[in-house]
Amino acid sequence: MESSETAIHDADADEAAMHGAATSRYQRWLAHRRLPLLIAGVAIVLALPSLWGGWIIDDYHHQLRFQHPPPFEMLGEAPLDLFSFARGEPAKTHEMMDLGIWPWWTLPEIRAAFFRPVTVATHWLDDTLWRDSPMLMHAQSVLWFAALTWAAAVFYRRVLGWTWVAGLAALLYAVDDAHALPVGFLSNRNALVATLFGLLAIIAHDRWRRKEQRSAALLAPVLLAVALLSAEAGIGATAYLFAYAVFLDRGSRAQRLATLLPYAVVVIVWRVVWSHLGYGVHGICLYVDPVAEPLRYIVAVAVRAPILLLGQWLLPPSDLALLAADLNVLPIYWVIAVALVFGLAWLILPRLRWTPTTRFFALGMCLAVLPTCATFPADRMLVFVGLGAFGMLAQWLACARFGCWH
């Protein structure tokens, strides 16, 4: 009997040793110095099926706009207006209604115009070099996605150190299904471009604050401006810049907040120019301008934020909110979303080490949700939100498995 128990104990010990060796091997891989490049490779492999995605929805609008001259005069030829679908001009709106581009009940003063010159330049490159090859257009989007995941891996390492937890967060971010549409939908490439430059701005800001590099201090606001000129979603970077000043930076509170002044100037100048040039949204129920319609925006945040957070952390995807609204069950969906989000917080937070990095990810995630509430809920809008969510999730998994991760 004793020999049998000894054999069982030895077998259990061997199994535990093998499991520990495997765990250690995975940890070494996730902490590998070349992990950012490996993560970018994983992103490319995952995104390869999108090469056969062709054109969908707004992609056809873009193809019409790049024709010389465009088939419909009211579309215009201005390349900077590639993301302008309506400029608040009743005469042109009526022409589009006559052609069936807009339905007959459209508000004549409707405006849906977005200023995204950096992203437009990437589409101009598509039109110039491979106009008739959607596969090569998608290949460019795949490369932008690879660059984004590489930057995410660098970002996590700067916040969490060269640890396997940082690698785990980067891997989770790379395989997130919410990135499928920004990669596979050519017209949604702007989300990848804006998030990439926003991430680079955060990384440059971290270099400035940690190493006092003046060049990084000058570069970070420039990168934020490029992010904003790629898509309005680029403002999501300011969520993490603010969270950095609150939880990760050094110095007095006034000194830390003063570091945000250059970014505040960039955002204000961008918004003034954006509005002065006639860009914006009006007359579309799915969009709301936080500056022009603050009360409506507050209501939108209250309704959409829980649904977006649910889509980030659990199921179903937030895109189903539109279907729920059509079926008149949106209030029920919202109540379920609120309950599940609070339940998830109750489950995760007690077991999570509440470190400054955890607070940074949590605040950045919550603040990054706010800009996404200006439009209808969709998981493709969660590219910035996921940065904080996966930073928290990686830390929680490490704490749940090992109790600590340092």
Next on the checklist: For a side chain to side chain contact (heavy atoms under 4.5 Å, CB included) check, start with the C-alpha distance between Trp164 and Arg28, then their side-chain angles and the critical distance, and finish with the verdict.
Outcome noted: CA-CA 7 Å; Trp164 67 270; Arg28 287 197 301 270; over 6 Å; no

Checklist entry - Checking side chain to side chain contact (heavy atoms under 4.5 Å, CB included) for the pair Phe242/Leu257: CA distance, chi angles, key distance, verdict? => result CA-CA 8 Å; Phe242 180 80; Leu257 292 179; 4.2 Å; yes

Checklist entry - For Leu393 and Trp396, what are the C-alpha separation, side-chain angles and deciding distance, and is it a side chain to side chain contact (heavy atoms under 4.5 Å, CB included)? => result CA-CA 5 Å; Leu393 180 59; Trp396 181 81; 4.2 Å; yes

Item to check | Evaluation steps, ring pair (Phe, Tyr, Trp, His ring centres under 6.0 Å), between Phe114 and Phe83 | outcome: CA-CA 5 Å; Phe114 306 100; Phe83 288 92; 7.7 Å; no

Next on the checklist: Apply salt bridge (charged side-chain N to carboxylate O under 4.0 Å, His left out) to residues Asp126 and Arg189 and explain how you reach the verdict.
Outcome noted: CA-CA 12 Å; Asp126 286 337; Arg189 180 190 295 163; 2.8 Å; yes

Checklist entry - Does the pair Met392 and Trp313 meet the rule for a side chain to side chain contact (heavy atoms under 4.5 Å, CB included), with working shown? => result CA-CA 11 Å; Met392 291 181 64; Trp313 283 92; 4.1 Å; yes

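Tyr156 and Phe361 have tilted rings, their planes meeting at an angle from 30° to 60° on a 0 to 90° scale.
Using a distance-only test at 3.5 Å, with no hydrogens or angles considered, a donor-acceptor pair links the side chain of Gln255 to the main chain of Ser252. Counting only distance, with no hydrogens or angles, the side chain of His138 and the backbone of Gly54 share a donor-acceptor pair below 3.5 Å. Judged by distance alone, the side chain of Asp59 and the main-chain N or O of Ile56 form a donor-acceptor pair under 3.5 Å. Counting only distance, with no hydrogens or angles, the side chain of Asn190 and the backbone of Thr119 share no donor-acceptor pair below 3.5 Å. Side-chain atoms of Thr149 come within 3.5 Å of backbone N or O of Ala146 as a donor-acceptor pair. Using a distance-only test at 3.5 Å, with no hydrogens or angles considered, no donor-acceptor pair links the side chain of Arg304 to the main chain of Pro377. The closest donor-acceptor contact from the side chain of Arg256 to the backbone of Val246 lies under 3.5 Å. Side-chain atoms of Ser141 do not come within 3.5 Å of backbone N or O of Leu186 as any donor-acceptor pair.
Residue pairs satisfying the ring pair (Phe, Tyr, Trp, His ring centres under 6.0 Å) criterion with at least one member in residues 317-344, sequence neighbours excluded, are absent. Note on residues 197-229: pairs passing ring pair (Phe, Tyr, Trp, His ring centres under 6.0 Å), not counting sequence neighbours, are His205-Trp208, His205-Tyr244, His205-Tyr263. Every pair passing side-chain hydrogen bond (donor to acceptor under 3.5 Å, both in side chains) that includes a residue from residues 367-384 is listed here, sequence neighbours excluded: Asn188-Arg380, Ser318-Asp379. For the side-chain hydrogen bond (donor to acceptor under 3.5 Å, both in side chains) condition, the pairs that include at least one residue of residues 214-243, sequence neighbours left out, are Arg116-Glu232, Glu232-Trp274.
The side-chain heavy atoms of Pro103 and Met97, taken from C-beta on, include no pair separated by under 4.5 Å. Looking at Leu308 and Leu382, their side chains come closer than 4.5 Å, going by heavy atoms from C-beta outward. In this structure the side chain of Val142 never reaches within 4.5 angstrom of the side chain of Phe145, judged on heavy atoms. Residues Pro331 and Val335 form no side-chain contact, since every pair of their non-hydrogen atoms from C-beta on lies 4.5 Å or further apart. Here the side chains of Leu51 and Met135 are in contact, with some heavy-atom distance below 4.5 Å. For the pair Ile110/Phe85, no side-chain contact is recorded, criterion being any heavy-atom separation below 4.5 Å from C-beta on. For the pair Trp150/Ile39, no side-chain contact is recorded, criterion being any heavy-atom separation below 4.5 Å from C-beta on. With a 4.5 Å cut-off on side-chain heavy atoms, Arg157 and Pro36 count as touching.
If you take CG on Leu295 and CD1 on Ile298, they are separated by 5.5 Å, rounding to the nearest 0.5 Å. The CD1 atom of Ile307 lies 8.5 Å from the CG atom of Leu310; values are rounded to the nearest 0.5 Å. In this structure, CG on Leu367 lies 12.5 Å from CZ on Phe384, to the nearest 0.5 angstrom. If you take CG on Leu199 and CG on Leu387, they are separated by 5.0 Å, rounding to the nearest 0.5 Å. Summarising the geometry, atom OG1 belonging to Thr122 is positioned 11.5 Å from atom CG belonging to Leu143; distances are rounded to the nearest 0.5 Å. The structure places CG of Leu200 at 4.5 Å from CG of Leu196, a figure rounded to the nearest 0.5 Å.
For Thr355 and Thr358, the side-chain atoms include at least one donor-acceptor pair closer than 3.5 Å.
Shown here is Trp270, whose CH2 atom has more than 12 heavy atoms of other residues, nucleotides or ligands within 6.0 Å.
When every heavy atom of Ala258 is checked against every heavy atom of Pro262, the shortest pair comes out as O-CD, 3.9 Å. Smallest separation of non-hydrogen atoms from Ala112 and Val281: CA-CG1, 4.5 Å. Contact between Ala300 and Cys373 at its shortest, heavy atoms only, is CB-O, 3.6 Å. Taking every heavy atom of both residues into account, Thr93 and Pro108 meet most closely at OG1-O, 3.0 Å. Shown here for Ala321 and Leu330, the closest heavy-atom pair between the two residues is O-CD1, 3.9 Å. For the pair Val341 and Pro306, the tightest heavy-atom approach, listed with the atom from each and the gap, is CG2-O, 3.6 Å.
Under the side chain to side chain donor-acceptor pair (under 3.5 Å) criterion, Asp289 pairs with Arg271, sequence neighbours left out.
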For residues 166-178, which side-chain donor-acceptor pairs fall under 3.5 Å, sequence neighbours excluded?
residue, atom, partner, partner atom, Å
Tyr173, OH, Val383, O, 2.8
Asp176, OD1, Ala178, N, 3.3

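In summary, the aromatic rings of Phe360 and Phe247 are positioned with their centroids too far apart to meet the 6.0 Å limit.
The one candidate from Leu82, Leu229, Val226 that meets the side chain to side chain contact (heavy atoms under 4.5 Å, CB included) condition with Pro117 is Leu229.
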